[in-house]
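To start, the structure itself, in structure tokens.
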Amino acid sequence: MADHRSARQVLSEICQDFTEFPAPEQQPAPGGPLDWPGYQEQLGRAAERTGLAESVLCGLGRVGGSQAVLIAFDFRFLGGSVGEATGARITAAFEQARKLRVPVVSLIASGGSRLQEGMCALRQLHEIARACLLARQERIPHIAVLRNPTTGGMWAVLAASADVVLALPGAAVAFGGSRVRAQSADEEPFTAEGKFTTGQVDRIVEPAQLAGTLAELVDLLHPQVLSGPLEPAPVPRSLAGEAVPQSGWEAVLKARAPERPRAQAYLDRYFSRRFVLGGDRAGGVDEGMLCGFGQRQGRTLAFAAQTGTANTPAGYRSAARLIRLADRLRIPVLTLVDTPGAANGEEAERGGIGPAIAETFSAVAEATVPITTLVIGEGGSGGALALASPERTWITADAYFSVIAPESAAAVLRRAPEEVPEVADWLRLRPQDLVELGIVRGIADG
């Protein structure tokens, strides 16, 4: 069922001290650009029903402890549709966010562009896309909340372009609304849950939890006033102790030990709180790559952490997305390396594992914020190196880093299986070897 709550009610549930922005000075002609029969009367009835002059209510409010610009749709006003006046209000709200240096929170419930205004309404997608772009260029975070429904241009332009996308359970989310798209026996792809499963939504949030989730995000991502160079993320303390392996094969066995601490343990100890982003925005999710933002001693830091699995194309695209977002928001990054190597099967090749790894390498190379890396387990080949900082990489005593796994190296060299431990020594993959070779800066303290 569509969200028929008033925009003011929606805002009252997630923010305080809301002050509406004045309407933009330039207003469209009464009756709309197409002189659509009865349109003026429709607008009048919608205004009387909602108490609003348009389908969005825009203003400044306090979300948790921080200010934000809020854009709240009212579905009761012609289905939350967007015409010229709506587009003008949305773009003006983004301009205010740039001026005030505060995040934007969009609370969307819209069927798309207003048909009574034809192409003049559809053209607002260009205006809104440009407003979103200008905000991104000025490092203004944008958080979108998908209510029921979020369809058409507001999904494709306003919501899907946001830095973080939240959705309420059961919301219809699709480019084509139910009345205009081809009907399907499987409705999940057109829902918030379907979008979450395919990495297009970061989190499904229960209505009772939305205010707290938004307060956390606005606080974590709020633009910071910075002067001078950014302080890198501190190197996490090792959970492995300080006893280094005596042989290459011992290093491999220690890194592969089931009881070895994994990324979750490191993140739990490192951050006081954190928010995990979900998926690559391109149709995929890899649970073996944890990406998001966390708070440590009052600072916001970003993280991309491998969890010991062979990462898929979606995992590398998710990491690249996180690093680029953190770079734009001027937030230092922590990466945790732990993978036997990238996925290399049929499905991974079809999914573009090569381009996905290339995207991660490029994101690391392009980053202007400092990236700190700790190798906490297996560091297998390019799938591990893609997440590693060229200048600021450390390793724990129970980890290794290698051009290739010893077993694979032995196979390439046509060596017998019993010679694998010897090959491991030749690869010089122990933590102390890597320090001596200048590959890592040091072994993390326990």
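The residues of the chain are indexed from 1 along the displayed sequence. All values derive from a computational prediction rather than experimental measurement.
- For Q306 and N311, the side-chain atoms include at least one donor-acceptor pair closer than 3.5 Å.
- For the pair Q200 (side chain) and K195 (backbone), a donor-acceptor distance under 3.5 Å is absent.
- Between T360 and R317, the side chains place no donor N or O within less than 3.5 Å of an acceptor N or O (distance only, hydrogens not considered).
- Crowding of R130 atom CZ: a count of heavy atoms from other residues, nucleotides or ligands under 6.0 Å not exceeding 12.
- Around the CD atom of E41, the shell of radius 6.0 Å holds more than 12 heavy atoms that belong to other residues, nucleotides or ligands.
- Between R8 and E20, at least one side-chain nitrogen of the basic residue sits less than 4.0 Å from a carboxylate oxygen of the acidic one, meeting the salt-bridge criterion.
- Look at E259 and K254 and you find no salt bridge, because none of the NZ, NE, NH1 or NH2 atoms lies under 4.0 Å from a carboxylate O.
- A salt bridge links R324 with E366; the closest basic N to acidic carboxylate O contact falls under 4.0 Å.
- Around atom CD of E347, no more than 12 heavy atoms belonging to other residues, nucleotides or ligands sit under 6.0 Å away.
- The 12-atom threshold is exceeded at NE2 of H4, counting heavy atoms of other residues, nucleotides or ligands nearer than 6.0 Å.
- More than 12 heavy atoms of other residues, nucleotides or ligands lie within 6.0 Å of CD in E407, so this atom counts as buried by the packing criterion.
- In summary, E84 and R114 do not engage in a salt bridge, as defined by a charged side-chain N under 4.0 Å from a carboxylate O.
- D74 and S6 share no donor-acceptor pair across their side chains, judged by distance under 3.5 Å alone.
- A salt bridge does not link D268 to R262: none of the charged nitrogens lies less than 4.0 Å from a carboxylate oxygen.
- Checked for salt-bridge contact, R89 and E54 miss the test: no charged N lies under 4.0 Å from a carboxylate O.
- Between E359 and R321 there is no salt bridge, since no side-chain N of the basic residue sits under 4.0 Å from a carboxylate O of the acidic one.
- Aromatic ring centres of F303 and F271: separated by under 6.0 Å.
- Taking both residues in full, the closest heavy atoms of G379 and F401 are given as O-CD2, 3.3 Å, listed atom of the first, atom of the second, then distance.
- For the residue pair S106/H142, the side-chain donor-acceptor check at 3.5 Å is satisfied.
- Salt-bridge formation is detected for the pair R260/D338: a Lys NZ or Arg NE/NH1/NH2 atom is positioned less than 4.0 Å from an Asp or Glu carboxylate oxygen.
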